[in-house]
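Keep in mind the model is a prediction, meaning the values are calculated, not measured.
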There are 2 protein chains.
Amino acid sequence: MVTRERPTLEAVARRAGVSRATVSRVVNGSTSVAASIREAVNRAVDELGYVPNQAARSLVTQRTESIALILPETANRVFSDDLFFPAIIRGVGGELEAADKQLVLMMAGSAKSHDRVERYAVAGHVDGVMFASMHGADPLPGTLVRLGIPVVCSGRPIGEAAVPYVDVDHYGGVCSAVRHLVASGRRRIATIAGPQDMVAGIDRLAGYRATLEEAGLAQHVALGDFTRESGIVAMRSLLADDPALDAVFVASDMMAHGALLALKDAGRRVPADVAVVGFDDFEISRYSEPPLTTVRQPIVEMGRTMARQLLGLINGEPHQADAVVLPTELVIRDSA
Amino acid sequence: MVTRERPTLEAVARRAGVSRATVSRVVNGSTSVAASIREAVNRAVDELGYVPNQAARSLVTQRTESIALILPETANRVFSDDLFFPAIIRGVGGELEAADKQLVLMMAGSAKSHDRVERYAVAGHVDGVMFASMHGADPLPGTLVRLGIPVVCSGRPIGEAAVPYVDVDHYGGVCSAVRHLVASGRRRIATIAGPQDMVAGIDRLAGYRATLEEAGLAQHVALGDFTRESGIVAMRSLLADDPALDAVFVASDMMAHGALLALKDAGRRVPADVAVVGFDDFEISRYSEPPLTTVRQPIVEMGRTMARQLLGLINGEPHQADAVVLPTELVIRDSA
DNA sequence: CCCCTATGATTAACCGGTTAAGTTGACTTC
DNA sequence: GAAGTCAACTTAACCGGTTAATCATAGGGG
């Protein structure tokens, strides 16, 4: 290990024959530095390979140029089967990269890590915090807001009113999906709903209920937790309850996949016997058997928007919307 | 926004009637502080809600308690279809969380961001750097090592000899997979190889070639880039070249999926007409049609190991292995 | 020719911690 | 009881930047 001493501002200043303050100004691209001096300083910076010490800079500017993304699951659960978080990261990452900010990823599954997140944010290690879709009525976002830390949530937070968020139009998307089923003549339309402690789960179920009510049809609900495995289980239970069902709206693509497997297992043809509609439009659904009709939600765009909103908040830009709701869209393939 | 002023060490010290140094000692759990004083300080800390300022602390300790994970793709490409990076993040995240370190995620696709990563690491914003599987002979890891920054790569780096890494036994895994095909009577065994600028691509192809040579069989190679789409294209081209092939070893599960689709499209039954073996053992492969025989690589464990190695390096622990190679294992399902 | 202003550099205070060195006082020890 | 020891605390220097306040110098106006 070489551990060459990193040059400091002081060293650069000596070499360029000017004061620290002047070097600082040049480094930060300030105006009002004579061209000749600026050039001398830049030369010294290059020769010494000077890179500003971020800790020192943060200490005085009170800025860290980095931003936390909180994933409300333990590291073990996140990413296991799920394509949602990766897509969010993709959107957020791209936007932050463009803004030259760093992305700090934190898993906040346990109560312990929950505390850790709070301390971390409060310690001023990040300029702002984003929450990926949360479970239940998590008090953390509200707490941070009250401490004056910029926060944006993905998914309308339950309970907390004062936290800015970005979400998609779950309700509208589900309605158009279920109406599509009704319009194609299906009459025994069940649903596999998502977890009811998440807005995504709640709103999608609400959309199903409202649309069936409107159509005067009976409701059949099974619950899942967005995983493929839970989709299999739920589909089996729905078939047991009503062997004659002719359609199912599934609140996530992963669960819809499970449903397809269970239907095949039960000897049902899709869509001839049972029509299936999912929600997400993951890449994988274009290749399922049959290709899945589903409600597309723009997850990457959601990540991007979250990041943009947060950056706006951090930069104190006025006119920040408290809530942004992105549109969803029914993508019709073969399963319904 | 409340922006309540955060209390400083100074404030706590005043409140507790002691000096800053003493508070610092208590906060950092040092011994040699009288119990009564310690208690008074802790009370003051609680009352004021004091949280140490990380920037100030880093400035003097030269430690940031955070670690970078570099993904060598742009944000757009990472995560698009791939389950590798999520799994790595899962492993790394869990391990770092246990060590109370933060994870900073960086995408280093473009040359610009490449530079950004270097500056970031050199600026001392992280205590160490991990690289997820790299393309080509990237000089960055070597550069950082030479600058005295702890580095660990996932995947044996090409060219650079001096960089510690964690990898899996690609070669051994492929050999057992291809031997399995040979043993089950297959004689026209093709392969869909991965990108040849990555060790994973190179080593897996080498394993295929060596085993076929050993068995005295002809080699048929098509190239892909680990994506499903490329698997479809490659499989089609292999079938065009040799319509009578009876097996294919595919260097990634994603591509294997594509191959399954292409085979089905071409009217081949799997495994009756053509046996297929993949590499990865993603969750998804348990549910493919038919379930995929594949070489399991412990990706999450790889992430964990990387993190552990890096933490060891950072803590200056002796006897750090320069290279760790994790075992792979053939998982036999229905496709071969 | 003198004063005023603008421009551009420097000085020095400060950010909020850590820690080496110094001080204090109680307790041994002979 | 003086000297020495040790534990426990305080003092003060330092980490490496930013920036308000200050100062020097040249140019312009009357």
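Taken residue by residue, residues 40-47 of chain B places no heavy atom nearer than 4.0 Å to DNA chain C. Of the residues in residues 52-61 of chain A, Leu59(A), Val60(A) come within less than 4.0 Å of DNA chain C through at least one heavy atom, sorted by number.
The salt bridge (Lys or Arg N to Asp or Glu O under 4.0 Å) search around Arg308(B) returns Glu95(B), Glu301(B), not counting sequence neighbours. Contacts of Thr8(B) classified as side chain to side chain donor-acceptor pair (under 3.5 Å), with partners at least two apart in sequence or in another chain: none. A search for salt bridge (Lys or Arg N to Asp or Glu O under 4.0 Å) contacts involving Asp100(A) returns Arg116(B), not counting sequence neighbours. Partners of Gln102(B) by side chain to side chain donor-acceptor pair (under 3.5 Å), not counting sequence neighbours: none found. With sequence neighbours excluded, the residues satisfying salt bridge (Lys or Arg N to Asp or Glu O under 4.0 Å) with Glu65(B) are Lys101(B). Residues meeting the side chain to side chain donor-acceptor pair (under 3.5 Å) test with Thr143(B), sequence neighbours left out: none.
Using a 4.0 Å heavy-atom criterion, one finds that Ser24(B) contacts the bases of the nucleic acid, with or without backbone contacts as well.
Here the P atom of nucleotide dT10(D) and the CZ atom of Arg14(B) are 14 Å apart, to the nearest Å. Whole-Å rounding puts the Arg63(B) CZ to dT18(C) P distance at 14 Å. Distance CD (Gln62(B)) to C1' (dC14(D)): 11 Å, rounded to an integer number of Å. We find that CG of Leu9(B) is positioned 15 Å from P of dT11(D), with the value rounded to whole Å. Atoms CD (Glu10(A)) and P (dC15(D)) sit 10 Å apart, rounded to a whole Å. His125(A) places its NE2 atom 14 Å from the C1' atom of dG16(C), with the value rounded to the nearest Å.
Axis orientation changes by 50° from one end of the helix from dC1(C)-dG30(D) to dC30(C)-dG1(D) to the other, with each end axis drawn from 5 pairs and the value rounded to 10°.
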Footprint string (nucleotides 6-11 of chain C, 5' to 3'): B base within contact, S backbone only, - free, heavy atoms under 4.0 Å: --SSBB
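Separating the CD atom in Gln309(B) from the CG atom in Asp322(B) is a distance of 9.0 Å, to the nearest 0.5 Å. Once rounded to the nearest 0.5 Å, the distance linking CG of Leu59(A) with CZ of Arg57(B) reads 13.0 Å.
Each salt bridge (Lys or Arg N to Asp or Glu O under 4.0 Å) pair with one or both residues in residues 147-157 of chain A, not counting sequence neighbours, appears once here: Arg156(A)-Asp203(A).
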Could you pull out every donor-acceptor pair under 3.5 Å between side chains of residues 9-17 of chain B and any protein atom, sequence neighbours left out?
{"unit_1": "Glu10(B)", "atom_1": "OE1", "unit_2": "Arg20(B)", "atom_2": "NH1", "d": "3.4"}
{"unit_1": "Arg15(B)", "atom_1": "NE", "unit_2": "Glu47(B)", "atom_2": "OE1", "d": "2.7"}
{"unit_1": "Arg15(B)", "atom_1": "NH2", "unit_2": "Glu47(B)", "atom_2": "OE1", "d": "2.9"}

